[in-house]
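Reviewing the structure listed below.
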Amino acid sequence: MMQVVEVPPIPPLPQAPHVPTGMPEEAIVAIVLITVTAVIGAVWMFTPLIKAWARRIEGKGADPELRQDVDDVRREMEGLRHELLETQERLDFAERLLSQRREAERLPAPGPTDR
């Protein structure tokens, strides 16, 4: 006959000590709230800047009176540039006259017997 040998059951493994593997739930909630608040604040803060930038790209941002003022200033600047160029030309002419006069003073006067 056969004898049946009973095998004792395997004892359960000792339970490992609890080691936290992640952040506490409160910290995760706090990080999410801070991130959402920062994003909303940034969008709220930069919305006027983004809208102005978009209007400028579309060409709709300029007030007609402001555009007229800018055009007037540009015309005035062109006039001032023209006057400056004329003044520079006159200064160059005066410098040439003065240098010719000084050259004439440096040269000896031709005499009757220079041979």
Side-chain angles (χ1 to χ4, degrees):
M1 309 219 269
M2 253 181 155
Q3 253 185 346
V4 178
V5 178
E6 264 191 53
V7 179
I10 300 175
L13 294 175
Q15 195 164 5
H18 178 67
V19 177
T21 57
M23 294 181 3
E25 196 172 310
E26 295 85 17
I28 293 173
V29 170
I31 289 173
V32 169
L33 285 176
I34 290 170
T35 303
V36 169
T37 305
V39 169
I40 291 172
V43 168
W44 176 74
M45 201 166 75
F46 290 114
T47 297
L49 180 63
I50 293 169
K51 285 181 180 178
W53 190 29
R55 281 193 307 270
R56 183 173 178 115
I57 289 172
E58 291 175 354
K60 297 179 183 176
D63 182 20
E65 290 180 17
L66 179 61
R67 189 168 295 279
Q68 180 64 35
D69 290 344
V70 170
D71 291 339
D72 292 344
V73 168
R74 284 185 180 149
R75 279 193 292 275
E76 188 175 332
M77 289 290 291
E78 284 299 319
L80 290 173
R81 270 193 204 115
H82 183 69
E83 289 180 27
L84 179 62
L85 287 175
E86 285 182 7
T87 305
Q88 288 174 340
E89 288 177 9
R90 289 179 182 181
L91 178 63
D92 291 342
F93 178 74
E95 287 175 346
R96 281 194 302 273
L97 283 179
L98 286 173
S99 67
Q100 288 174 0
R101 184 174 172 193
R102 288 185 185 143
E103 287 293 322
E105 290 174 358
R106 288 185 198 157
L107 296 175
T113 56
D114 270 343
R115 290 189 194 206

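Partners of E86 by side chain to side chain donor-acceptor pair (under 3.5 Å), not counting sequence neighbours, listed by chain and number: H82. Residues meeting the salt bridge (charged side-chain N to carboxylate O under 4.0 Å, His left out) test with D72, sequence neighbours left out: R75.
Residue D92 is tested with R90, E89, E95 for a side-chain contact (heavy atoms from CB on, under 4.5 Å); the sole match is E95.
A continuous path of hydrophobic side-chain contacts links I50 to M45 [ILVMFWY only; heavy atoms under 4.5 Å].
The existence of a salt bridge linking R81 and E78 is confirmed by a sub-4.0 Å separation between a basic side-chain nitrogen and an acidic carboxylate oxygen.
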For Q88 and L91, run side chain to side chain contact (heavy atoms under 4.5 Å, CB included): C-alpha distance rounded to whole Å, both residues' side-chain angles, the deciding distance at 0.1 Å, then the answer. CA-CA 5 Å; Q88 288 174 340; L91 178 63; 5.6 Å; no
Test side chain to side chain contact (heavy atoms under 4.5 Å, CB included) applied to L80 and L84, step by step: CA-CA 6 Å; L80 290 173; L84 179 62; over 6 Å; no
